[in-house]
Amino acid sequence: MEDTIISQRRAKADALRARGEDPYANDFRVTHTAAEIHAAHSGDDLETLEQKAVQVAVGGRVMAIRRMGKLVFFVLADRSGQIQANLFQDALPAADLERIELVDVGDIVGVAGPVMRTRRGELSVKATSLRLLTKSLRPLPEKWHGLTDVSTRYRQRYVDLIVNEDVRRTFQARGRIVSYIRRFFEDRDYLEVETPMLQSIYGGAAAKPFVTHHNSMDMRLFMRIAPELNLKRLVVGGLHRVFELNRNFRNEGISTRHNPEFTALEFYEAFANYEDLMALTEELLHGLCIHLHGTDQIPYGEHTLSFAQPFRRLSVYQGLIEHAGVPADAVEDRDALLAAAQRLHVPKAHEMALGYLQMAIFEAAAEHLLVQPTFVTDFPLDVSPLSRRKDANPKLVDRFELYCAGREIANAFSELNDPIDQHERFAAQANQRDKGDEEAHPMDDDFIRALEYGMPPTAGEGIGIDRLVMLMTNQPSIREVIFFPLLRPEA
RNA sequence: GGGCCAUUAGCUCAAUCGGCAGAGCAACGGACUCUUAAUCCGCAGGUUGAAGGUUCGAUUCCUUCAUGGCCCA
């Protein structure tokens, strides 16, 4: 029974206290990490190390104990990796030898002594002292199979991280990705900014918000679904290159691709258009892939993704023609589109305005085919209330979405900066809302006012960081790249 | 929201047609000064997710619920 193990370990903590030692001490100082020791001495043989007698102090969790009678091996894990500690009876003071008996797998210990190599070649620390620094009361999962139960892995991510090295690596990669992105934009003279998560009017995307309440102001507030409108206000204010890398909240279903809170990068650059952003996006993803993997060809599930530049480009209309079987001269023909929608089992097709219908067909027919990075361009105006019209075709906008592995990774456009047009678009969205579209964009009078002061010609983009991390780390579920994905509370 | 699947010891998994609930690892006791999932001997550990039903008898069959996973919308 679990309580049996816990009480056994509590007894060991008590035994330590009886010896006048704190089972939760905090006075041990580490001089080296495991990785530093491996890096410094990987080429040193047994005799060389004996001569050098390099003294180190390492601290970490005991991942394995192998007792050989008068010799005990610990495998220690610290933030950098693992190192073996060898506890020889004739190298340790009596008090430390007795302490070995109080150490369990899972405890945090400190070991000091010279770096050595065993006869079998294992680089180790020969312990001349042993401290027990943190008593672990709960047993770790089995050493070979680890922890695999998905629910437990997410609920007790700390255990998942202790025992599953690949999980640790995935989250380390996530950190490096975020860091690379920040550096990428800082190098291009972008300013990192933070804008409100709590908003009295939400906007910037088509999604349902979380609603909350401010008590002392007695005010309804929304969790933001996107930072877009605030970032464009900053561009109006003269911050011509800004980015925000932060959380968005959308009140929708949970799946392998959706978590209610997710991390997005949004960036805005004045005097640029959506074509410029395609080039910038290629550069960002290509550089990131090389930075992480040293190559631009990486596995994702059964596929090999290529981030070699340039990425494929496919207009929405081309997609309708090539993948949905819509005749080339009928991409704006409602009857032809409805026929395609029926073939593809698009629900509620008859209720949709033209642009929504085109996109629903495109998504049903083409989305899953877009495995290699592909810029889908030239979206219908109806579904793009914040994008600039195309000069050549006012029914379309200067917009692209980047698809990869059948998923939307990024969404970008030349920004609509005509306040009159923007007001009309919001009005059209209000009309959609009246028809029952809960995801239609709400009117934002202050945003119109900001545009009336004049926003320079600008292009902006949003990139889903969680999905990007999934691609870069070959993970099939968004929950594998979010430390604590949303779950129902335990019973 | 719909369908399918899973839930058994701390962890990973068994259990024949409905017939005494088992193993490995971890733990506990012991042997061992070069192990690498150490090895060897011994011992212990269970409200089979919850509630109800069928049955002489339920881990197994049925119903409802809970949690999670996958697929679909």
Side-chain angles (χ1 to χ4, degrees), chain A residues 1-13 15 34 38 45-47 49-50 61-77 81-92 97 100-107 116-127 135-160 162-165 208 251-259 301 341 344-349 351 360 363-364 367-368 406 475-480 484-491:
Chain A
M1 204 171 146
E2 188 184 48
D3 287 349
T4 308
I5 295 178
I6 289 178
S7 58
Q8 284 166 352
R9 292 189 171 203
R10 290 180 71 107
K12 290 179 185 174
H38 284 293
D45 62 18
L46 194 153
E47 290 79 13
L49 286 168
E50 208 162 323
R61 190 181 298 274
V62 178
M63 299 305 292
I65 299 177
R66 290 187 280 270
R67 295 173 192 278
M68 308 292 306
K70 291 169 183 162
L71 167 62
V72 179
F73 299 100
F74 286 174
V75 176
L76 302 188
Q82 296 192 336
I83 185 84
Q84 182 170 277
N86 306 339
L87 301 113
F88 294 89
Q89 190 179 63
D90 50 20
L92 278 163
L97 280 173
I100 294 175
E101 300 309 311
L102 300 176
V103 175
D104 289 296
V105 171
D107 289 355
M116 66 166 283
R117 199 178 282 283
T118 65
R119 285 174 213 159
R120 293 289 188 82
E122 182 77 27
L123 195 67
S124 317
V125 177
K126 181 178 184 179
K135 190 68 204 165
S136 168
L137 299 181
R138 290 178 181 269
L140 289 178
E142 198 230 356
K143 61 189 169 192
W144 188 239
H145 299 93
L147 179 66
T148 62
D149 181 80
V150 174
S151 177
T152 309
R153 285 185 47 231
Y154 298 159
R155 289 186 196 283
Q156 299 182 239
R157 183 68 90 178
Y158 37 90
V159 180
D160 193 27
I162 289 169
V163 299
N164 291 325
E165 193 190 343
K208 289 182 226 170
N251 206 338
E252 23 193 67
I254 294 176
S255 77
T256 51
R257 289 173 290 282
H258 298 86
N259 194 62
L344 292 158
H345 308 291
V346 174
K348 298 181 184 173
E351 303 168 19
E363 283 167 18
E367 210 172 74
H368 66 282
Q475 292 299 327
S477 167
I478 197 168
R479 297 183 198 101
E480 296 295 339
F484 304 106
L486 186 69
L487 299 175
R488 290 181 193 279
E490 285 181 86

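Quick caveat, the model's predicted, so the values are computed rather than measured. Keep in mind that the numbers below use all heavy atoms, side chains included, and drop hydrogens, waters and symmetry copies. In what follows, every chain begins at residue 1, and chains take the letters A, B, ... in the order their sequences are listed.
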* Structure fact -> Residues at least two apart in sequence or cross-chain that pass salt bridge (Lys or Arg N to Asp or Glu O under 4.0 Å) with A/Glu101, listed by chain then number, are A/Arg67
* To do: Quick one: list whatever passes salt bridge (Lys or Arg N to Asp or Glu O under 4.0 Å) with A/Arg66, sequence neighbours left out.
  => none
* Structure fact -> RNA chain B nearest-nucleotide lookup for A/Pro347 and A/Thr256: closer to the 5′ end is A/Thr256
* Asked: Would you write out the dot-bracket form of RNA chain B, 5' to 3', with Watson-Crick and G-U pairs under 3.5 Å, [ ] for crossing pairs, | for pairs to other strands and . for unpaired bases?
  -> (((((((..((((.....[..))))..((((.......))))......(((((..]....)))))))))))).
* Structure fact -> When A/Ser477 and A/Thr148 are each assigned the nearest nucleotide of RNA chain B, the 5'-most assignment goes to A/Thr148
* Asked: Counting just side-chain N and O atoms, does A/Arg155 come under 4.0 Å of either OP1 or OP2 of B/G68?
  -> yes
* Structure fact -> By side chain to side chain donor-acceptor pair (under 3.5 Å), A/His368 pairs with (sequence neighbours left out) none
* Determine the contact category for A/Gly146: base if any of its heavy atoms lies under 4.0 Å from a base atom, sugar-phosphate if only primed atoms, P, OP1 or OP2 are that close, otherwise nothing. => sugar-phosphate
* Asked: Think A/Arg153 has a side-chain N or O under 4.0 angstrom from the OP1 or OP2 of B/C11?
  -> no
Restricting both atoms to N or O, compile the protein contacts to nucleotides 31-34 of chain B shorter than 3.5 Å, with distance only.
{"residue": "B/C32", "atom": "N3", "partner": "A/Arg67", "partner atom": "O", "Å": "3.4"}
{"residue": "B/C32", "atom": "N3", "partner": "A/Gly69", "partner atom": "N", "Å": "3.3"}
{"residue": "B/U33", "atom": "OP2", "partner": "A/Met68", "partner atom": "O", "Å": "3.4"}
{"residue": "B/U33", "atom": "OP2", "partner": "A/Lys70", "partner atom": "N", "Å": "3.0"}
{"residue": "B/U33", "atom": "O4", "partner": "A/Asp90", "partner atom": "OD2", "Å": "3.2"}
{"residue": "B/C34", "atom": "O2", "partner": "A/Arg119", "partner atom": "N", "Å": "2.9"}

* To do: Identify, with sequence neighbours excluded, every residue that meets side chain to side chain donor-acceptor pair (under 3.5 Å) alongside A/Arg153.
  => A/Asp160, A/Glu480
* Asked: Should the heavy atoms of other residues, nucleotides or ligands under 6.0 Å from CD of A/Glu50 be counted, would the total exceed 12?
  -> no
* Residues which pass side chain to side chain donor-acceptor pair (under 3.5 Å) with A/Thr152, listed by chain and number, not counting sequence neighbours -> A/Asp149
* **salt bridge (Lys or Arg N to Asp or Glu O under 4.0 Å) involving A/Glu122 - partner list, sequence neighbours excluded** => none
* B/U67 OP1/OP2 closer than 4.0 Å to side-chain N/O of A/Arg488 -> yes
* To do: Mind checking side chain to side chain donor-acceptor pair (under 3.5 Å) for A/Ser151 and listing every partner two or more places apart, or none if nothing turns up?
  => A/Arg155
* Structure fact -> Residue set satisfying side-chain contact (heavy atoms from CB on, under 4.5 Å) with A/Gln89, at least two apart, ordered chain then number -> A/Lys70, A/Leu97
* Contact class for A/Thr152 vs. all strands (heavy atom < 4.0 Å): base, sugar-phosphate, or nothing? -> nothing
* Who pairs with A/Arg9 by salt bridge (Lys or Arg N to Asp or Glu O under 4.0 Å), at least two apart in sequence or on another chain? -> A/Asp104
* Structure fact -> Nearest heavy-atom approach of A/His258 to A/Gly253 is CB-O, 3.4 Å
* To do: Round to a whole Å and report the spacing from CD of A/Glu252 to P of B/G1.
  => 15 Å
* Which listed nucleotide (B/G69, B/C11, B/U67) is nearest to the side chain of A/Leu147? -> B/C11
Would you tabulate the nitrogen or oxygen pairs shorter than 3.5 Å linking the protein to nucleotides 23-30 of chain B?
{"residue": "B/C25", "atom": "O3'", "partner": "A/Lys143", "partner atom": "NZ", "Å": "3.3"}
{"residue": "B/A26", "atom": "OP1", "partner": "A/Lys143", "partner atom": "NZ", "Å": "2.8"}
{"residue": "B/A27", "atom": "O2'", "partner": "A/Gln8", "partner atom": "OE1", "Å": "2.3"}
{"residue": "B/A27", "atom": "O2'", "partner": "A/Gln8", "partner atom": "NE2", "Å": "3.4"}
{"residue": "B/C28", "atom": "OP1", "partner": "A/Lys12", "partner atom": "NZ", "Å": "2.4"}

